[in-house]
Amino acid sequence: MPIKVSVVIPVYNPGVYIEDCIASLLRQSLPDDEYEAIFVDDGSTDETPERLDRLAAEYPHMHVIHQEGSGWSGKPRNVGMAAAKGEFIQFVDNDDWLGDEALERMYDYGVENGADVIVGKMAGKGRPVPRELFRKNRPYANVENAPLIDSLTPHKMFRKAFLDKYDLRYKEGRRRLEDHVFVAEAYLRAENVAVLSDYLCYYHVKREDASNAGFQRFDPVGYFTNLREALDVVEELTEPGPLRDRLFRRWLRNEMVERMRGQRLLKLPADYRQQLFDEMHKVVVERFGPGVAAGLPTTQRIVADLIAAGRLGDIEEFARWESQVKPSGVLDDLGWKDGKLTIGYTAEYKSGGEPIVFRTDGEKDLLVPPLPQTSLDAIARLGADTSAPLAKSKVDLVVRERVTAAEFFQPVEFTREKVPVKRREGHFRHVFRATSRIDPLSAANGAALDAGVWDVFIRITSCGWTKDTRLGAVRGDGAGRGRGAAVIGSPARLFLPFWTDPHGNLSLDADQQTDRIAYEFTGLTSADVIVTTDPGRLTVALPFHVQGESEANLKLSNAATSRSVELPGTLSSRGTDRAELRGDLPLEELAGGRWGLELILPSNGDGKPVALPLALDVRASGGVVVKRLAVAARKPARSRPAFRLLRPAFLRRAAGRLRRTLKK
């Protein structure tokens, strides 16, 4: 068979961190004779060379090339490309790993869409990854119709004939941003770029020892000299104008402005902070026209203008304020409807616990940062009037799997509301009121959510901030109604919203990954069970949302005789959040004993028994008495020390609840 994909992995002293990478390559769904892995050992001095030699000896499609150390990853990637026999080349770093079906899915997607470059969905394990790019599948993407420029790491699949046609190779030697130069040119020359977002292809990992090359402090002079080489590529392959400005904006935003914001700046030593700033200032003045910064949102534009003006002190003052800016959310409503989990919430940005404030100036809305007047005057003199295009702001709801870090956007409808600030005429808060609906059977970009625990986040994009916060710790009066489990799909699956410990945030358990389902049954009583004896039938009322009908079983166990009987049943809806399980009851098999009840719910065909607080006393005569069993107390709520009652945040929430009560 011809080789479809060659995976090139530059290797230097990864130690145990390479094991996840190796394991993921061996797990690929693509047949072994249709892909190869080429490890290029760049002068490792640990045990890795011997480990790779053993791997290559055991698996014919695993290869290793040893070379003297080159000091960086550019040369080993080039060596791997030269040795590759595949139709496509996928680059992987030695401390990252691939999803089990990544190579097969990306190859098929690239061939189907005639792509020269395939970008697979990424998850960051302690590292940031692009988010907006992977909001949806993009079979025909380019730098004009998609935010490709947000993803310049090399961890992509490239058609080998395309790379050879343009002699695309990495710059070699110890340097920075060689992947930016390579990937930017690939984007600009490609006939088509395909973005695959419905499967998690690549795990970008931060080592526990933080020794990844990208996390090491760099020499500012060398770094920004290398950055200019990426700008050179853009200048060579684009014309002056809006597109070039938009592409340049990526480096201004990510490599300069974001390094000068909040705690990221304030944690740097003062001398290193000054060196970074000086080099940034040179690049901005030399290479960026006014259209580059003009397209940034409010806070980023302010920082960019201050960099251009050489005002590090004002940037530091602005960073102190921004370091306190955080999103906040209140869960207003929660419940199942038509197989979808409906979530209503209110969201806004706050700083130091207080809402961010804006003011109206004619037709403009202006951000009002609480900065010293000298800093505000400096910003005003630069023409950065803090105008905030609030109509472009948005709120999203995403679900993120706790183990894999896979995340997916959910549908959202929202309105923006300007809430007047008392005693400050013309000033207002900017509040989102939103509703999202999670359909577990299509929530993963059209696919069903995998088994796992999915944490719920809201993400607010406004004024140059894009930040996440958990949802649920602060809840309105309607947030708990209809929160119970749902049994949906065919074959049926179980999905359970629950509050996390100890913070009380909202998560979704798919297919009984936790034991939380047991809590749903603590309120059952003997009245929830109906038994008929002619013929023997059992009906149990359950606090579930059910779509249609599905199969579920009851397991009856007799502790005295160690016997058990499993009864098939039918689970059907009895209202929005109520269901009933019906099944035949073989009274002659059960006569003369007490039988505990366990429910076996459909969860991907492999449900886990859950004890119900009920038992059946089956008389020898055939009569049945339903007993409620003693139930262990729920885990006590997290205690709140008395001193917490005096905290300002607690007092503000209490005052808010009182105001809402008085309005009613």
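Please read these numbers as outputs of a predicted model, since none were measured by experiment.
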Student: Quick one: closest heavy-atom pair of Arg416 and Ser393, and the distance?
Tutor: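 Minimum heavy-atom contact is NH2-O, 2.8 Å.
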Student: Can we say Arg250 and Glu255 salt-bridge, meaning some charged N sits less than 4.0 Å from an Asp/Glu carboxylate O?
Tutor: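 Result for this pair is yes, salt bridge flagged.
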Student: In this structure, which one of Arg135, Arg459, Arg131 forms a salt bridge (charged side-chain N to carboxylate O under 4.0 Å, His left out) with Asp396?
Tutor: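 The single option meeting the salt bridge (charged side-chain N to carboxylate O under 4.0 Å, His left out) with Asp396 is Arg135.
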Student: Which pairs count as salt bridge (charged side-chain N to carboxylate O under 4.0 Å, His left out) when at least one residue sits in residues 136-154, sequence neighbours excluded?
Tutor: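 Listed by first then second residue: Asp150-Arg253.
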Student: Side chains of Thr299 and Val303: closer than 4.5 Å at any heavy-atom pair?
Tutor: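 No. Closest side-chain heavy atoms not under 4.5 Å.
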Student: What is the distance from atom CG of Leu227 to atom CG of Asn254, rounded to the nearest 0.5 Å?
Tutor: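 Here the interatomic distance stands at 10.5 Å.
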Student: Do the side-chain N and O atoms of Asp271 and Gln275 include a donor-acceptor pair separated by under 3.5 angstrom?
Tutor: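 On atom types as modelled, these side chains do not qualify, holding no pair under 3.5 Å.
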Student: Considering residues at least two apart in sequence or located in another chain, which fulfil the side-chain contact (heavy atoms from CB on, under 4.5 Å) criterion with Ala510?
Tutor: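 Residues passing side-chain contact (heavy atoms from CB on, under 4.5 Å) with Ala510: Trp454, Arg493, Phe495.
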Student: State which residues pass salt bridge (charged side-chain N to carboxylate O under 4.0 Å, His left out) with Arg320; sequence neighbours excluded, sorted by chain then number.
Tutor: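 For Arg320, the residues satisfying salt bridge (charged side-chain N to carboxylate O under 4.0 Å, His left out) (neighbours in sequence not counted) are Glu317.
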Student: Looking at Leu506, is its backbone amide N or carbonyl O close enough to the side chain of Arg470 to form a donor-acceptor pair, meaning the two atoms are under 3.5 Å apart?
Tutor: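 Yes, because the side chain of Arg470 sits within donor-acceptor range (under 3.5 Å) of the backbone of Leu506.
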Student: Using a 3.5 Å distance criterion without hydrogens, assess whether the side chain of Lys171 forms a donor-acceptor pair with backbone atoms of Leu177.
Tutor: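 Such a contact is absent between Lys171 side chain and Leu177 backbone.
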Student: I need the Leu276 CG to Phe224 CZ distance, nearest 0.5 Å.
Tutor: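 It comes to 6.0 Å.
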Student: Are any of the side-chain heavy atoms of Val143 and Thr238 separated by less than 4.5 Å?
Tutor: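 Not in contact.
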Student: Show every ring pair (Phe, Tyr, Trp, His ring centres under 6.0 Å) that has at least one partner inside residues 266-297, sequence neighbours left out.
Tutor: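 Counting only pairs at least two positions apart or across chains, the ring pair (Phe, Tyr, Trp, His ring centres under 6.0 Å) contacts touching residues 266-297 are Phe248-Phe288.
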Student: Going from CG on Leu133 to OG on Ser197, what distance comes out if it is rounded to the nearest 0.5 angstrom?
Tutor: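 Interatomic distance, Leu133 CG to Ser197 OG, rounded to 0.5 Å: 6.0 Å.
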Student: Going by distance alone, is a donor N or O of one side chain under 3.5 Å from an acceptor N or O of the other, for Thr225 and Arg176?
Tutor: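 Looking only at side-chain atoms, Arg176 and Thr225 do not form any donor-acceptor pair under 3.5 Å.
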Student: Under a 4.5 Å cut-off applied to non-hydrogen side-chain atoms, are Asp365 and Thr360 in contact?
Tutor: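 The answer is yes, as the side chains (C-beta and beyond) meet within the 4.5 Å cut-off.
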Student: Apply the test side-chain contact (heavy atoms from CB on, under 4.5 Å) to residues Val284 and Met256: give CA-CA distance (whole Å), side-chain angles for both, the deciding distance (0.1 Å), then the verdict.
Tutor: CA-CA 9 Å; Val284 170; Met256 302 179 200; 3.7 Å; yes
Student: Flag this pair as yes if the NZ/CZ of Lys156 is under 6.0 angstrom from the six-membered ring centre of Phe182 and inside a 45 degree cone about the axis; otherwise no.
Tutor: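 Lys156 over Phe182 ring: no.
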Student: Looking at Glu286, I'd like to know if its CD atom is crowded, meaning that more than 12 non-hydrogen atoms belonging to other residues, nucleotides or ligands lie closer than 6.0 Å.
Tutor: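 It does: Glu286 CD has more than 12 such atoms within range.
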Student: For Arg402, enumerate each residue passing the salt bridge (charged side-chain N to carboxylate O under 4.0 Å, His left out) test, keeping only those at least two apart in sequence or located in another chain.
Tutor: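 Here the qualifying residues are Asp455.
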Student: Just by distance, with hydrogens left out, do Thr514 and Asp509 show a side-chain donor and acceptor under 3.5 Å apart?
Tutor: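 There is such a pair between these side chains.
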Student: What are the two closest heavy atoms between Leu252 and Ala304, and how far apart are they?
Tutor: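 Smallest interatomic distance, heavy atoms only, reads CD2-CB, 4.2 Å.
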Student: For Lys125, which residues count as a salt bridge (charged side-chain N to carboxylate O under 4.0 Å, His left out) partner, sequence neighbours excluded?
Tutor: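 Lys125 satisfies salt bridge (charged side-chain N to carboxylate O under 4.0 Å, His left out) with no other residue.
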Student: With sequence neighbours left out, what residues match Asp232 under salt bridge (charged side-chain N to carboxylate O under 4.0 Å, His left out)?
Tutor: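 Listed in chain order: Arg287.
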Student: Looking at every heavy atom in both Ala123 and Val129, which two are closest together, and how far apart are they?
Tutor: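 So the minimum-distance heavy-atom pair works out to C-CG1, 3.9 Å.
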Student: Any donor and acceptor pair, going by atom type alone, linking the side chain of Arg249 with main-chain N or O of Val292 inside 3.5 Å?
Tutor: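 Judged by distance alone, yes, a pair lies under 3.5 Å.
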Student: Contact between Val117 and Leu148 at the side-chain level, heavy atoms closer than 4.5 Å - yes or no?
Tutor: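 Result no, sub-4.5 Å side-chain heavy-atom pair not found.
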Student: Report the residues that fulfil ring pair (Phe, Tyr, Trp, His ring centres under 6.0 Å) with Phe457, sequence neighbours left out, ordered by chain and then residue number.
Tutor: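 Not a single residue meets the ring pair (Phe, Tyr, Trp, His ring centres under 6.0 Å) criterion with Phe457.
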Student: Could you pull out all residues at least two apart from Ala230 that satisfy side-chain contact (heavy atoms from CB on, under 4.5 Å)?
Tutor: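 Ala230 satisfies side-chain contact (heavy atoms from CB on, under 4.5 Å) with His180, Val181, Trp251 only.
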Student: I need the minimum non-hydrogen distance between His430 and Ser462, along with the two atoms involved.
Tutor: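 Answer, listing the atom of His430 first, then Ser462: ND1-OG, 4.1 Å.
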Student: Can any side-chain N or O of Gln410 pair as donor or acceptor with the backbone N or O of Phe408 at less than 3.5 Å?
Tutor: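 Answer holds: yes.
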Student: OG1 of Thr346 to CD of Glu348: how many Å apart, nearest 0.5 Å?
Tutor: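 Reported value, rounded in 0.5 Å steps: 9.0 Å.
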Student: Any salt bridge linking Glu132 with Lys394? Criterion: basic side-chain nitrogen under 4.0 Å from a carboxylate oxygen.
Tutor: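 Looking at Lys394 together with Glu132, the answer is yes, because their closest N to O distance falls below 4.0 Å.
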Student: With no hydrogens and no angle check, is any side-chain donor or acceptor of Thr386 less than 3.5 Å from a backbone partner on Leu367?
Tutor: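 Present.
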Student: State, with a plain yes or no, whether a side-chain heavy atom of Leu397 is found less than 4.5 Å away from one of Val456.
Tutor: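 A side-chain contact exists here, since the closest heavy-atom pair is under 4.5 Å.
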Student: Where is the tightest heavy-atom contact between Ala319 and Leu265, given as atom of each residue plus distance?
Tutor: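 That closest heavy-atom pairing would be CB-CD2, 3.9 Å.
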Student: Tell me, do Lys350 and Gln324 make a side-chain contact under 4.5 Å, heavy atoms counted?
Tutor: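 Counting from C-beta outward, Lys350 and Gln324 never come under 4.5 Å.
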Student: What is the distance from atom CH2 of Trp97 to atom CG of Asp95, rounded to the nearest 0.5 Å?
Tutor: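 The CH2 atom of Trp97 sits 10.0 Å away from the CG atom of Asp95.
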Student: Which residues pass the side-chain contact (heavy atoms from CB on, under 4.5 Å) test with Arg424, not counting sequence neighbours?
Tutor: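 Applying side-chain contact (heavy atoms from CB on, under 4.5 Å) to Arg424 gives Val357, Val368, Val421, His427.
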Student: Asn145 side chain to Tyr140 main-chain N or O, any donor-acceptor pair under 3.5 Å?
Tutor: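 Yes, Asn145 side chain to Tyr140 backbone: donor-acceptor pair under 3.5 Å.
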Student: Considering only NZ, NE, NH1 and NH2 on the basic side and carboxylate oxygens on the acidic side, decide whether Arg400 and Asp468 come within less than 4.0 Å.
Tutor: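 Salt bridge present between Arg400 and Asp468.
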Student: Quick check for you: to the nearest 0.5 Å, what is the distance between Gln274 atom CD and Glu279 atom CD?
Tutor: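 CD of Glu279 is found 10.5 Å from CD of Gln274.
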Student: Minimum heavy-atom separation for Ala146 and Ala141, please, with both atom names.
Tutor: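 Between these two residues, the closest heavy atoms are CB-CB, 3.9 Å.
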Student: With a 4.5 Å heavy-atom cut-off, do Val453 and Thr500 have their side chains touching?
Tutor: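 The answer is no, as the side chains (C-beta and beyond) never meet within the 4.5 Å cut-off.
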Student: Scan residues 321-331 for pairs that pass salt bridge (charged side-chain N to carboxylate O under 4.0 Å, His left out), counting only residues two or more places apart or in two chains.
Tutor: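 As it turns out, the salt bridge (charged side-chain N to carboxylate O under 4.0 Å, His left out) pairs with a partner in residues 321-331, which skip direct neighbours, are Arg261-Glu322.
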Student: Is there a donor-acceptor pair closer than 3.5 Å between any side-chain N or O of Ser507 and the backbone N or O of Phe498?
Tutor: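 Between the backbone of Phe498 and the side chain of Ser507 there is no qualifying donor-acceptor contact (under 3.5 Å).
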Student: By the ring pair (Phe, Tyr, Trp, His ring centres under 6.0 Å) test, which pairs, at least two apart or in different chains, include something from residues 343-366?
Tutor: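 Applying ring pair (Phe, Tyr, Trp, His ring centres under 6.0 Å) to every pair that reaches into residues 343-366, excluding sequence neighbours, yields Tyr349-Trp465, Phe358-Phe428.
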Student: May I have the step-by-step check of side-chain contact (heavy atoms from CB on, under 4.5 Å) for Tyr187 and Val233, ending in yes or no?
Tutor: CA-CA 11 Å; Tyr187 284 159; Val233 169; over 6 Å; no
Student: Might you work through the side-chain contact (heavy atoms from CB on, under 4.5 Å) test for Thr153 and Asp93, ending with a clear yes or no?
Tutor: CA-CA 10 Å; Thr153 61; Asp93 282 350; over 6 Å; no
Student: Any side-chain heavy atom of Cys463 sitting closer than 4.5 Å to one from Leu390?
Tutor: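 A side-chain contact under 4.5 Å exists here.
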